[in-house]
Amino acid sequence: MAPPPGEEPRQRLHPLSPALHGAKSLVVVIAGLSWSTLSRVGFGWFAAMAAVLALGATVLAVISWYNTGYHIVGRELRVHEGLIWRRTRAIPLERLQAVEVVRPLLAQLTGLAELRLEVVGGGKTEAPLAYLGVAEAAALRQRLLAVAGRAPEGVAPPAAGEAAAPAGRRLHAVRNRDLLVSQLLTPQAFLLPVGVAFVVAQFLSEGSWSFIAVASTLTAMAGVLLQPVRRVLDDWGFRLDRDGDTLRIRNGLLETRAQTVPLHRVQTVGVTWPLLWRMKGWLRLRLEVAGYSAAEPDDRNRPDRLLPVGDLRTGELVVAEVLPGVRVTALPLTRPPRRARWLRPLSRSAIGAGLDDRVFAARSGLLTRQLALVPYARIQSVRVTQGPAQRRLRLATVHADTAGGAGAAAHDRDVAEAWELAAELTARAHAARHADGGARH
């Protein structure tokens, strides 16, 4: 169909998109058929079944590509798709928070990229455009951000073969050696030898060296190794930059990701000290960002990584960039009253809460220490809750909720202190939002 007069024509995705979707479908098909199917029907029939199913998936991908298009109409991105049932998605660009450039391994090999849109209030990542040429993806990303009323900033992926050199001020680059060591200092890594030994022992006890037995053993071993290996691959080459009021994050080896995080959308900064990391003085920083999909089934799609691993000095420098004036080691945290030990006999000394000049801070955890920092302007509501045991001990918990998710909670405070804390949080949140709104106007 020809577009109405004055409306730009629809654009199609890259012609290689069906091939990449077909390749992914082939992997899913082979995994779905499983090794047991191979043992029953033989290699020839197995290959034929996989080829027919993959061909069918590729044909469907080609038809889908032919009927998929996108264009910008006014302040909307419209995505058209479907053959029998036509569907048009209109995404208001004023609600757009970021456009992420993702390059899975196959996309890197073919010089393509995928765009993922994050919209305020979206239940999941909106309208992923897979796939576009790298230059086209960069240009469309800049244009979407510009139409959304934001400066055309953000991480544009480099052209194929070029080194990544994003603009802005470099805050930190994680050494890959530290990333590897940090994953070795996790409970999962300590359990890996047990899991591998169990798989190998089960294989040897069967006494079978057939192709099916070997393949099944390798599949089981891959499942044991997948978790820590995926974390290393996801955070490989992690770099954090700042450009104006935007954080730029690049990470990934097999799948590279270029994300932007607007600082005014940050709801909470979380600091974590895993038990085994503390002997090296390491910590991890994470973000809660408004507008990003908390319900995303794959947590790798959520841009919550601020620092995968680093020492205290680096952590404080990064926190100061996101929350100016906040020092992790100088927060006025106080413990719950002594009678809280009946509810937390081991962890009472590890939890605490307090009001800094700029943030509400809450500490928790015994083996894994956690600290949540919530700017007052980001607090959406304040709640005081009491469980049955807390009522008997005259204790209460104060929750500071944010638009991004968990927020922070001051556990097991004296009831009178809890209500005073809730009132003070409400007053500071109101004042901070008023000042923040005045500064924006």
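In what follows, residues are counted from 1 in the order of the sequence shown.
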Calculate, to the nearest 0.5 Å, the distance between atoms [atom1] and [atom2] belonging to [X] and [Y] respectively.
{"X": "Arg363", "Y": "Arg369", "atom1": "CZ", "atom2": "CZ", "result": "7.0 Å"}
{"X": "Leu171", "Y": "Leu240", "atom1": "CG", "atom2": "CG", "result": "4.5 Å"}
{"X": "Gln390", "Y": "Thr397", "atom1": "CD", "atom2": "OG1", "result": "4.0 Å"}
{"X": "Arg75", "Y": "Glu94", "atom1": "CZ", "atom2": "CD", "result": "5.5 Å"}
{"X": "Leu395", "Y": "Thr385", "atom1": "CG", "atom2": "OG1", "result": "11.0 Å"}
{"X": "Phe238", "Y": "Leu306", "atom1": "CZ", "atom2": "CG", "result": "6.5 Å"}

Nearest heavy atoms of [X] and [Y], plus distance in Å:
{"X": "Ala113", "Y": "Val101", "result": "CB-CG1, 4.1 Å"}
{"X": "Ala410", "Y": "Phe360", "result": "CB-CZ, 4.0 Å"}
{"X": "Pro375", "Y": "Gln267", "result": "CD-O, 3.2 Å"}
{"X": "His14", "Y": "Gly133", "result": "CD2-N, 4.1 Å"}
{"X": "Leu283", "Y": "Trp277", "result": "O-CZ3, 3.8 Å"}
{"X": "Lys280", "Y": "Leu185", "result": "CD-CD1, 3.6 Å"}

Start with the C-alpha distance between His411 and Arg348, add both sets of side-chain angles, then the distance that settles side-chain contact (heavy atoms from CB on, under 4.5 Å), and finish with yes or no. CA-CA 10 Å; His411 295 281; Arg348 172 186 168 271; over 6 Å; no

Any Lys/Arg nitrogen of Asp243 or Arg169 sitting under 4.0 Å from an Asp/Glu carboxylate oxygen of the other? no

Between Glu255 and Arg103, is the closest basic N to carboxylate O distance under 4.0 Å? no

Is there a donor-acceptor pair under 3.5 Å between the side chain of [X] and the backbone N or O of [Y]?
{"X": "Ser17", "Y": "Leu13", "value": "no"}
{"X": "Ser347", "Y": "Arg344", "value": "no"}
{"X": "Tyr376", "Y": "Val359", "value": "yes"}
{"X": "Arg78", "Y": "Ile72", "value": "no"}
{"X": "Asn251", "Y": "Asp234", "value": "yes"}
{"X": "Arg378", "Y": "His264", "value": "yes"}
{"X": "Arg242", "Y": "Glu321", "value": "yes"}
{"X": "Thr68", "Y": "Ser64", "value": "yes"}

Would you call [X] and [Y] a side-chain contact if the rule is heavy atoms closer than 4.5 Å?
{"X": "Glu76", "Y": "Leu93", "result": "no"}
{"X": "Trp273", "Y": "Thr368", "result": "no"}
{"X": "Leu77", "Y": "Leu117", "result": "yes"}
{"X": "Val261", "Y": "Ile249", "result": "yes"}
{"X": "Pro104", "Y": "Leu254", "result": "no"}
{"X": "Val374", "Y": "Ile379", "result": "yes"}
{"X": "Tyr70", "Y": "Arg10", "result": "no"}
{"X": "Gln259", "Y": "Arg248", "result": "no"}

His71, Arg87, Arg89 screened by side chain to side chain donor-acceptor pair (under 3.5 Å) with His80, the one that passes: His71

For Leu129 and Leu140, run side-chain contact (heavy atoms from CB on, under 4.5 Å): C-alpha distance rounded to whole Å, both residues' side-chain angles, the deciding distance at 0.1 Å, then the answer. CA-CA 11 Å; Leu129 298 177; Leu140 179 59; 3.7 Å; yes

Show, in sequence, the C-alpha distance, side-chain angles and deciding distance for Trp419 and Val384, and conclude whether the side-chain contact (heavy atoms from CB on, under 4.5 Å) test is met. CA-CA 7 Å; Trp419 285 108; Val384 178; 4.0 Å; yes

For Arg413 and Thr334, does a side-chain donor sit closer than 3.5 Å to a side-chain acceptor? yes

Consider side-chain contact (heavy atoms from CB on, under 4.5 Å). Of Val319, Leu312, Val318, Thr314, which one does Glu316 pass it with? Leu312

Might you work through the side-chain contact (heavy atoms from CB on, under 4.5 Å) test for Leu355 and Leu421, ending with a clear yes or no? CA-CA 9 Å; Leu355 301 177; Leu421 177 60; 3.7 Å; yes

